[in-house]
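Worksheet for the structure shown next.
When reading the values below, keep in mind they use all heavy atoms of this one structure, side chains included, and skip hydrogens, waters and symmetry mates. Starting from 1, each residue takes its place in the sequence as its number. Order of listing sets the numbers, starting from 1, for every ligand and every atom in it.
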Amino acid sequence: MEDCIFCRIANREVGSEIVDERPNAIAFKDINPKAPVHILVIPKEHIASLDDLGRDECEVLRDIFSLASDIAVSEGIAQSGYRVVLNIGEEAGQEVDHLHFHLLGGRFMEWPPG
Ligand code: 5GP
Ligand code: ZN
């Protein structure tokens, strides 16, 4: 998707602070962080939303979650705790139509989220 900002970040056509990657996933720092650690983990392939994720995308999900877990360790938030958030659709606040998991940590998290 040439007009998708996250595809362009994944393809390194647009600059971002890339943290790490796997064959099917890439992680980069959120441009407008909501916590001391705020990293977005996305599939490299364009998948618009959870609703568009195929039922057999196990390798994509494995790469996304292993990347998030490893980054939590490398960012020093694995012990204190962290949150992985997926916003789906308008009422949940999804602004970018490319599946992305927010990895948030480094501060106390309220529950439930606002
Ligand atoms: P959503 O609201 O869709 O769940 O989250 C989108 C996130 O992407 C927001 O936290 C926003 O700050 C981040 N974001 C939007 N555009 C860019 C960008 O061009 N670069 C980076 N690094 N983050 C972005
Ligand atoms: Zn995309």
* Examine the proximity of ligand 1 to His100 and report which part, side chain or backbone, both or neither, has a heavy atom under 4.0 Å away. => side chain
* Asked: Do Val96 and Leu86 belong together in a cluster built from hydrophobic side chains that touch within less than 4.5 Å?
  -> no
* Is there a path from Phe101 to Val60 through hydrophobic residues (I, L, V, M, F, W, Y) whose side chains come within less than 4.5 Å of each other? -> yes
* **Whether His98 side chain and Pro43 backbone form a donor-acceptor pair below 3.5 Å** => yes
* Out of Leu86, Val96, Asp30, whose heavy atom sits nearest atom 7 (C) of ligand 1? -> Asp30
* **Within-cut-off N or O pair, His102 and ligand 1, under 3.5 Å** => yes
* Between Ile31 and ligand 1, which residue portion shows a heavy-atom distance shorter than 4.0 Å: side chain, backbone, both, or neither? -> both
* To do: Classify the contact between Phe101 and ligand 1 as side chain, backbone, both or neither, using a heavy-atom distance cut-off of under 4.0 Å.
  => neither
* For Asn87, the ligand 1 atoms whose distance to one of its heavy atoms is below 4.0 Å -> 4 (O)
* **His98, N/O/S atom nearest the Zn ion (ligand 2)** => ND1
* Asked: How does Asn32 reach ligand 1, by side chain, by backbone, by both or by neither, if only non-hydrogen atoms under 4.0 Å count?
  -> both
* For atom 3 (O) of ligand 1, what is the nearest protein heavy atom, given as residue, atom name and distance? -> Glu95 N, 2.6 Å
* To do: Please state whether Val85 comes within less than 4.0 angstrom of ligand 1, counting heavy atoms only.
  => no
* Asked: For Glu90, does the CD atom have more than 12 heavy-atom neighbours from other residues, nucleotides or ligands under 6.0 Å away?
  -> no
* Is ligand 1 under 4.0 Å from a heavy atom in the side chain of Leu40, in the backbone, in both, or in neither? -> side chain
* To do: Would you kindly confirm whether Ile42 and Ile71 end up in one hydrophobic cluster when ILVMFWY residues are joined by side chain heavy atoms under 4.5 Å apart?
  => no
* Asked: Would Phe65 end up clustered with Leu53 when hydrophobic side chains under 4.5 Å apart are linked, directly or stepwise?
  -> yes
